[in-house]
Amino acid sequence: MWPLLVACVLAGAPTVTPPVDAEVPAIASTRVVVLVPSIPDRRIDDVLASVRSNLPEGGGTLIEVGFEVDAQHADLLARRVAASREAAVAHDARGVFWLDVRQAGEYHVYLYVPARGQLLRRRVPEAAQSVEAAVEAMWLIVRSGTLALAKGADVAMEAVDPATIEPAPPPVEAPAPIVPRAPAPSTTTSRAGVGLWLSASYLGLGLGDAMPWQSGGQLEVSYAVPSRRRVAARLGLSYAGVVGEVRSESLSIARHELAIAAGIGGALGRRIRLEGRLLPAVDLLRWRAGGDRGLEPAAKLATELLLRISTWSPARDPWPRVTIDLGAGADVGLGGFDFVRCGAGATACEGDAKRVALAPWRVRPRARAGLSVGF
């Protein structure tokens, strides 16, 4: 809010305050309005106090009225000119003053003359050196301008055009056209498989004609790290145990697989990942036939293609991370061996006394199905 101070002063007074006993010629009263801010400003208060104390004897009184203005608006000057027109009509004023003290280096005194529709301005550069000097200069400008209006003389202020000094509002730019772009590859899914994982699965392994399939379980601990934007590399340790029997030969075999799992893969979608895995491994084949038993180690190289299906949403559910794992692959034996039976009482297991109970395949199938939990 900008209250309006209406100063009723007598025109024709000298520019220097006369002594108390000096004769002041009678002059007609002149009504002048001063716009002042609703928030008190000590500098403007001092200017008005000095004007009041230096009005000629018999001058008019100051009347306050309200005026709403936002100092942050770019059209502040134009709004004050409009308010000045209204104030001049409402109070039958010859002029409307206001003081602009927003810039520290230079103050301005404005005067709107309604009779000519003219806006005048006087610069006060003293503000750069001394606020007190600027205050004194401003009240002298207001006083001398008021006296000039009372005498019908020209006011010693420069005429200005509000349009030339008012900063123009920034132009409204047309919005840039929206060009559809392909969505950037999501990194949420690519990082979803990163971290420590514990897997538990059913494991099936093939062996040979006499024992084509063995069933058991597998445990694996692995850690996945991102190697490219949508790819994670995996390294872990795997243990598996499977059992099977050749009933015709009364032969049972339990296999314990110890493997180093190395894999690389990436996301096929928000919830699906595909990994290719290589497992250098050693099979420990513990066999038993009748009263005989033994342990046979065998090296092999296993390959596996593993599909991981997430049961959680990487974007919404950070915990727990659980996947359903489905995999299939093959084992390649790195050494050949057979399980043989020797005839009773034979001194050497060869010829007719030797009978092959189980001959492992060189390439053997494998499959798994289970769950993995990420930490």
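Everything numeric here is computed off the predicted structure, so don't read it as measured data.
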Subject >> Derivation and outcome, salt bridge (Lys or Arg N to Asp or Glu O under 4.0 Å), residues E158 and R123 >> reply: CA-CA 9 Å; E158 63 173 334; R123 301 175 186 271; 3.6 Å; yes
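- Checked options R43, R122, E126, R102; the residue passing with Y107 is R43 (criterion: side chain to side chain donor-acceptor pair (under 3.5 Å)).
- Taken to the nearest 0.5 Å, the CH2 atom of W197 stands 12.0 Å off from the OH atom of Y223.
- Proximity of a side-chain donor or acceptor of R364 to a complementary backbone N or O of W361 within less than 3.5 Å is detected.
- Looking at D46 and R42, a side-chain N of the basic residue comes within less than 4.0 Å of a carboxylate O on the acidic one, giving a salt bridge.
- Defined by atom type and a distance below 3.5 Å, a donor-acceptor pair is missing between the side-chain atoms of S50 and E136.
- With no hydrogens or angles considered, a side-chain donor-acceptor pair links R308 and S372 at under 3.5 Å.
- Closest of all the heavy-atom pairs between Q214 and G244 is NE2-N, 3.4 Å.
- The environment of I260 atom CD1 is sparse: at most 12 non-hydrogen atoms of other residues, nucleotides or ligands sit within 6.0 angstrom.
- Taking both residues in full, the closest heavy atoms of R277 and A261 are given as NH2-CB, 3.7 Å, listed atom of the first, atom of the second, then distance.
- A side-chain contact (heavy atoms from CB on, under 4.5 Å) with P360 is found for exactly one of I253, D209, L207, namely L207.
- Residues D292 and W287 form a side-chain contact, since some pair of their non-hydrogen atoms from C-beta on lies under 4.5 Å apart.
- We find that R366 and E257 are joined by a salt bridge, their nearest charged nitrogen and carboxylate oxygen being less than 4.0 Å apart.
- Rounded to the nearest 0.5 Å, atoms CG (L219) and CG (L198) are 7.0 Å apart.
- Checked by atom type, the side-chain pair R85/Y112 shows a donor-acceptor distance below 3.5 Å.
- Transitive grouping of hydrophobic side chains (ILVMFWY, heavy atoms separated by less than 4.5 Å) keeps L306 and L237 in distinct clusters.
- Between the CE atom in M138 and the NE2 atom in H108 there is a gap of 11.0 Å [rounded to 0.5 Å].
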